[in-house]
Chemist: 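Sending over a structure as structure tokens; questions will come in a sec.
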Amino acid sequence: MLTIAEGQRVRTDSVAPPRGSLFRRRNAISYLLIAPALVLSIVIVVIPGILTLLLAFTNWSGIGLNIKLVGLQNFQDILADPVFATSLMNNLKWLVLFLTIPAIIGLITATLLLKRKRMRTLYQVIYLMPYVLAPVVNALIWMSIIYNPNGGVVGALGLPAPTASTSGSLYAAAGVDMWHFWGFLTVVYLGAMRQTPIDQVEAAIVDGANGWKVFRHVYLPSIRPTLLLMGVMTVIFSFLAFDYVFLLTQGGPAHSSEVMGTYAYAFAFSSFEFGKAAAVGLIMSFFGLLASCLYTWISRRDLK
Amino acid sequence: MITRFMRGALGHIVLAFFAAVALIPLLLVLVNSFKTNDEILKSPFSLPGTFSSENFVTAWTYGQFGRGFINSILLSGTTIVVVLVCSSLAGYVLAGKKVRTWPIIMVYLTMAMTVPIQLFIFPLYSAVAWLNLTDNVFVVGVILAAINIPFATFLMRTFFLNVPADLEEAALMDGVDTFQLVTRVLLPIVRPGLITVGVIVGLNAWNEFLISSTFLQNPAHQTLTLGFLTMNGTFSTQLGTMMAGALILIVPILAVFIALQRYVVDGMASGAVKG
């Protein structure tokens, strides 16, 4: 979004290109260069995306051409299903967890690393290690050696498996995902904080501001756009959560950790109700779209 | 003075604590991968009595890691090549504003970047299955490339913005042909960008789960991580073997990451700041 705003500023002072055969040929070559990126994105992402929009109103099974329009039936069925309500609630819990815990850890560690130039690289590399590993690997590590009541850390402490209880399973999955994610925020926040003009920081210190005040009144306003962008990304990803829930709990036990992502997936690939899967996919994307619109609105107000 | 020292020490303790949070699960993998199952059941924290490679041999064989490595390399390689070609070409055009519709294309790419996988995976799967193209790592590589192209194009565009506009004109004036312009002038300048995009996109493709697991169900075509997941079905109680398998998957990725960490960290920081 920022890139576009920056681009439009430049555009106003650019000179209109001359018309001529040379220009036209160059223009054609430019479109040819940009075509592969656009074609791949349109064929693989956008067209199936639009199809999902249409499929949500049909009873398609995913195989064959036996399609019937069913209107809003899929949405009515889903809204009446108590499992959907659980999923939506779980996505909201997921959102609250991810907007707070990793963000706070990320801000604390980034602020501390700001002054420690020599150790900075080492800490960033360590913090990012869980982030660069595959969800499958991370999930299986936690499942076998930490959450396992027979041989894992939980077992050694005499506790039951958190993934097996209806009250703890969602938090168990969210815990692993947060363990994998927070280091990314440290690196992003630190990168943004380092862009803060040093004279602002020095001026604040000369004025007698202590560490907390410098953070609160100089660094925090300076990284506001980044905080906002990460916040919106977190909102979008929270409604799309899938990997860690699917791998650690399969949405169970008894649908207690079901999120919309696993709920939709089960419709498509267990009960072959692609229409319903598409409807849930549409609802999930709608929340993400809402977050994007809110983001555009807030950042536009910021620019004024 | 004393409070200042205390505060500095407290900062170090906090940083070290979170380093431990990140590392302890990985250290548990390292320690337990050399232990027998009985040793692990006694305590997951104890050090191994003997260093035996047995767990690793079992994991390698039953996780089909040999084939998995090849499939993962082919898949990620496809994604990296397709993304680098498409995004550098598009990024070059967008940075130079060489087409009048460039603002519309930028808006399109922003929107494409936020389209979730769950919004297009179901019809896409049906189409790919109808074309008999499931269980094909190259197809999955191209799909993952399409997902990564918008963000990679934005990143490449910022790298091309650093190329002075008159440099290109000057080179053309000097009688340099287009091929030389690309290989001698443009590529050396944007090389760090290509490495950054390549590493981040490569990691994304290597680690991806939702699309890979849906489109690659035949064990012969499964990636490394999917092979490890399949192995869990049989070996979930053989913790030593599971940990050895995890270590085999962790070490190469961490080695690549540490070797190229500068590019990964820069890419993440700049990508987020630029939006």
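Order of the sequence lines fixes the chain letters, A, B, ..., with proteins taken first and strands second; residue numbering starts at 1 for each chain.
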Chemist: Check whether any side-chain heavy atom of V132(A) sits under 4.5 Å from a side-chain heavy atom of V256(B), and report yes or no.
Modeler: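 The answer is no; the side chains never approach within 4.5 Å.
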Chemist: Find the distance between OG (S213(B)) and CG (D243(A)) and round it off to the nearest 0.5 Å.
Modeler: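 Answer for the OG-CG pair, S213(B) versus D243(A), is 8.0 Å.
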Chemist: Check whether F257(B) gets within reach of chain A through its side chain, its backbone, both or neither, counting any heavy atom under 4.5 Å.
Modeler: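 Side chain only.
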Chemist: Using heavy-atom distances under 4.5 Å, tell me whether S88(B) contacts chain A through its side chain, its backbone, both, or neither.
Modeler: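 Contact with chain A: none, neither part.
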Chemist: Identify which part of V29(B) has an atom lying under 4.5 Å from any heavy atom of chain A, answering side chain, backbone, both or neither.
Modeler: side chain
Chemist: Quick check on M143(A) against chain B: is it the side chain, the backbone, both or neither that has a heavy atom closer than 4.5 Å?
Modeler: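 M143(A) touches chain B through side-chain heavy atoms alone.
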Chemist: Side-chain contact, heavy-atom cut-off 4.5 Å: F239(A) with P116(B)?
Modeler: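 The answer is no, as the side chains (C-beta and beyond) never meet within the 4.5 Å cut-off.
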Chemist: Side chain, backbone, both or neither: which part of I146(A) has a heavy atom under 4.5 Å from chain B?
Modeler: side chain
Chemist: Can you measure from OG (S30(A)) to CG (L89(B)) and round to the nearest 0.5 angstrom?
Modeler: 10.5 Å
Chemist: Taking the inter-plane angle between the rings of Y125(B) and F269(A) on a 0 to 90° scale, is it parallel (under 30°), tilted (30 to 60°) or perpendicular (over 60°)?
Modeler: perpendicular
Chemist: Less than 4.5 Å to any heavy atom of chain A: does that hold for the side chain of I149(B), its backbone, both, or neither?
Modeler: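 Contact with chain A is through the side chain of I149(B) alone.
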Chemist: What part of V85(B) gets closer than 4.5 Å to chain A, counting heavy atoms only: side chain, backbone, both or neither?
Modeler: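 Neither part, no heavy atoms under 4.5 Å.
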Chemist: Could you measure the distance from the CG atom of N148(A) to the OG1 atom of T237(B)? Nearest 0.5 Å is fine.
Modeler: 9.0 Å
Chemist: Please classify the contact between V46(A) and chain B as side chain, backbone, both or neither, with a heavy-atom cut-off of under 4.5 Å.
Modeler: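 Contact with chain B is through the side chain of V46(A) alone.
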Chemist: Is there a side-chain contact between I117(B) and L240(A), using heavy atoms and a 4.5 Å cut-off?
Modeler: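 The answer is no, as the side chains (C-beta and beyond) never meet within the 4.5 Å cut-off.
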Chemist: Test T52(A) against every option in L119(B), V115(B), L124(B) by the side chain to side chain contact (heavy atoms under 4.5 Å, CB included) rule and name the one that passes.
Modeler: L119(B)
Chemist: Is chain A contacted by the side chain of A129(B), its backbone, both, or neither, given a heavy-atom distance below 4.5 Å?
Modeler: neither
Chemist: Would you check if V265(B) and L190(A) make a side-chain contact, meaning some heavy-atom pair closer than 4.5 Å?
Modeler: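 No, too far: nothing below the 4.5 Å cut-off.
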Chemist: Of the backbone (N, CA, C, O) and the side chain (C-beta and beyond), which part of L122(A) lies under 4.5 Å from a heavy atom of chain B, both, or neither?
Modeler: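 Answer is neither: L122(A) stays 4.5 Å or more from chain B.
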Chemist: Non-hydrogen atoms of chain B under 4.5 Å away: do they reach the side chain of L247(A), the backbone, both or neither?
Modeler: side chain
Chemist: Under 4.5 Å from any heavy atom of chain A, what part of L203(B) do you find: side chain, backbone, both or neither?
Modeler: side chain
Chemist: For chain B, which of S41(A), G288(A), A35(A) has the most heavy-atom pairs under 4.5 Å?
Modeler: S41(A)
Chemist: I'd like to know if the side chain of Y265(A) reaches the main chain of Q118(B), judged simply by a donor and an acceptor atom lying under 3.5 Å from each other, with no hydrogens or angles considered.
Modeler: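 Not a single qualifying donor-acceptor pair exists.
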Chemist: Would you mind reporting whether T101(B) and Y31(A) have side-chain heavy atoms less than 4.5 Å apart?
Modeler: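 Yes. Closest side-chain heavy atoms under 4.5 Å.
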Chemist: Checking heavy atoms, do the side chain of R116(A), its backbone, both or neither come under 4.5 Å from chain B?
Modeler: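 Answer is side chain: those atoms of R116(A) sit under 4.5 Å from chain B.
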Chemist: For L239(B), which atoms come within 4.5 Å of any heavy atom of chain A: side chain, backbone, both, or neither?
Modeler: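 Side chain only.
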Chemist: At a heavy-atom distance under 4.5 Å, which candidate from L224(B), L41(B), N204(B), I200(B) has the highest pair count against chain A?
Modeler: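 Among the listed options, the one with the most contacts to chain A is L41(B).
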Chemist: Under a 4.5 Å cut-off applied to non-hydrogen side-chain atoms, are I141(A) and L26(B) in contact?
Modeler: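 Side chain of I141(A) against side chain of L26(B), heavy atoms only: contact under 4.5 Å found.
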Chemist: Relative to chain A, which segment of I105(B) carries a heavy atom at a distance below 4.5 Å: side chain, backbone, both, or neither?
Modeler: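 Just the side chain, heavy atoms under 4.5 Å.
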Chemist: Using heavy-atom distances under 4.5 Å, tell me whether V93(B) contacts chain A through its side chain, its backbone, both, or neither.
Modeler: side chain
Chemist: Based on non-hydrogen pairs under 4.5 Å, which of A146(B), P25(B), G11(B) is most in contact with chain A?
Modeler: P25(B)
Chemist: Is chain A contacted by the side chain of S43(B), its backbone, both, or neither, given a heavy-atom distance below 4.5 Å?
Modeler: neither
Chemist: Quick check: do Q124(A) and Q261(B) have side-chain heavy atoms less than 4.5 Å from each other?
Modeler: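 Heavy-atom side-chain distance check fails, nothing below 4.5 Å.
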Chemist: Given heavy-atom pairs under 4.5 angstrom as the criterion, report whether the side chain, backbone, both or neither of T186(A) touches chain B.
Modeler: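 No part of it gets close to chain B.
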Chemist: Establish, yes or no, whether a centroid distance under 6.0 Å links the rings of W60(A) and F122(B).
Modeler: no
Chemist: Do L133(A) and L254(B) touch side chain to side chain, with heavy atoms closer than 4.5 Å?
Modeler: yes
Chemist: Heavy-atom cut-off 4.5 Å, strictly under: side chain, backbone, both or neither for F237(A) against chain B?
Modeler: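 F237(A) has no heavy atom closer than 4.5 Å to chain B.
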Chemist: So for I126(A), is it side chain, backbone, both, or neither that comes closer than 4.5 Å to the heavy atoms of chain B?
Modeler: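 Answer is both: backbone and side chain atoms of I126(A) are under 4.5 Å from chain B.
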